Colleague: 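Got a structure for you, written out below as structure tokens; questions coming shortly.
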Amino acid sequence: MNVDKIRLINFRNFKDASFNFHSSLNIFIGDNAQGKTNVIESIYTLLRGNSYRAKEDSNLINWSEKESYILGEVSKNKEKFQINILLQDIDRINSLPKKAKKIIKVNKKYRQKSWLTKRFTPVIFTPEDLQIIKSSPSVRRKFLDEVIINLNPIYERYLRDYSRVLFQRNMLLKSIESKSNLEQHLTVWDQKIVEIGSMIIRYRVKTLQIMNQKVKIIHQLMTKNQEVLKLKYNSNILTSFSEDNEEIGNIFEQKLSQAKEQDLRLKVTTVGPHRDDYFIMNNLVDLGIYGSQGQQRTAVLALKMAELELLKEKDREYPPLLLDDVLSELDSERRLFLMKIIKERPLQTFITSIDIEDLTQYNINSSSKIFRIKDGTMQNDGE
Ligand SMILES: Nc1ncnc2c1ncn2[C@@H]1O[C@H](COP(=O)(O)OP(=O)(O)O)[C@@H](O)[C@H]1O
Ligand SMILES: [Mg+2]
């Protein structure tokens, strides 16, 4: 899959800029705060219908304007898509963001955002992704759940159903104290929570298993076989990782009934996949606790590259890879391996960097285009 071109009108600090992208490597060079990340963000927004970092769509509109266009051409499995996204915030006063109106057209037809998200799944790495390792279980669950959704769209429905059932059960737990006759209704929600929750656990265990195979290979390449990365599901329900749905269901049911008194007391559901986590282990130690910054970065990159490989297996071609500020954070050897991994794959990559000396050593001239970004303009048409 390729993003062939993009035109940005009033998008962040770009007034009007057009990019014709290379099918292999695209490099955005520029000083701080010139617009490199904004270009990465615009590509992501074109493909997904929303930004990965803006709180509101209206943040994407240039401060002194009321509307913004992202116009692009994308090809996937030999099919061409002309995507136009219009963001409008007509009553905008100064830069105070309000909810923007969003109109998406693909090949001149109006489409919902979900039309895009079902088809286009770029893999993006930003410095904030380090949180997958450093931060709370919910951040890790979110990453894993998103990988699963991209591989199996139906999983999104299971997640939604689960959180609805969980909400209902928690509401009931809160009202039982005043009306104890409500307690009998708990079994209905218990059944549902076990049924959907077991499916979620099974998807997660299975996906971590297949991710492990990919992660291991890529991570070993990046660390010259010195380190072994492994993901391990840390479930509050399962101790061994059977793939058998029925068995997971039985154990879940047991744990839920064991926790019943506690749940009634705390008025919240204390067991289930909503409390699960996974360890990211490097040479058998937990990277979140013991890893160096560089090891953590390398691990997140390996996770993202594993996601990329899985998406490629599903769609039979690679999705675009967006790498923001990744080079400056890796030592020269790991950088070299990363660039090698990228170069060896039929893959479109977008990468930002402060300077070009960084990149000359990778011998990438023939398969790349360099865009110099300065103050929301492109200084050249790609070299
Ligand atoms: N909605 C907006 N309108 C105009 N300028 C914006 C908007 N949002 C961000 N910017 C500008 O974009 C600049 C940052 O661009 P960014 O792409 O993050 O820089 P970098 O090149 O360091 O990655 C900020 O300094 C800010 O001035
Ligand atoms: Mg940046």
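Note that ligands are numbered from 1 as they come in the structure, with each ligand's atoms numbered from 1 the same way. From a predicted model like this one, the values you see are computed outputs, not experimental measurements.
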Colleague: Please report the closest heavy-atom contact between Leu287 and Gln296, naming both atoms and the distance.
Modeller: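 So the minimum-distance heavy-atom pair works out to O-NE2, 3.0 Å.
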
Colleague: If the criterion is any heavy atom closer than 4.0 Å to an atom of ligand 1, which residues make the list?
Modeller: Arg12, Asn13, Asp31, Asn32, Ala33, Gln34, Gly35, Lys36, Thr37, Asn38, Arg53, Asn59, Ile61, Asn62, Trp63

Colleague: Can you tell me if Lys255 uses its side chain to pair, donor with acceptor, with the backbone of Ile237 under 3.5 Å?
Modeller: yes

Colleague: At what distance, to the nearest 0.5 angstrom, does CG of Asn20 lie from NZ of Lys369?
Modeller: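 Spacing of CG (Asn20) from NZ (Lys369) equals 5.0 Å.
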
Colleague: Which other residues end up in the same hydrophobic cluster as Val228, if Ile, Leu, Val, Met, Phe, Trp and Tyr are linked when side-chain heavy atoms come under 4.5 Å apart?
Modeller: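 Via sub-4.5 Å side-chain contacts, Val228 links to none.
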
Colleague: Closer than 3.5 angstrom, by distance alone: can the side chain of Asn62 be matched with the main-chain N or O of Lys15 as a donor-acceptor pair?
Modeller: no

Colleague: Under the criterion side chain to side chain donor-acceptor pair (under 3.5 Å), which of Asn107, Asp4, Asn2 is the partner of Lys80?
Modeller: Asp4

Colleague: Are there any protein N/O/S atoms under 2.8 Å from the Mg ion (ligand 2), and if so, which?
Modeller: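 Near the Mg ion (ligand 2), below 2.8 Å, one finds Thr37 OG1.
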
Colleague: Linking Ile, Leu, Val, Met, Phe, Trp and Tyr by side-chain heavy atoms under 4.5 Å, what else ends up with Leu71?
Modeller: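 Members other than Leu71 - counting any ILVMFWY side chain reachable under 4.5 Å - are Ile9, Tyr69, Leu86, Ile103, Tyr110.
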
Colleague: Under 6.0 Å between ring centres, would you say that holds for Tyr278 and Tyr233?
Modeller: no

Colleague: Using a strict 4.0 Å threshold on nitrogen-to-oxygen distance, state whether Lys224 and Glu333 make a salt bridge.
Modeller: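 A salt bridge is present here (some side-chain N lies under 4.0 Å from a carboxylate O).
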
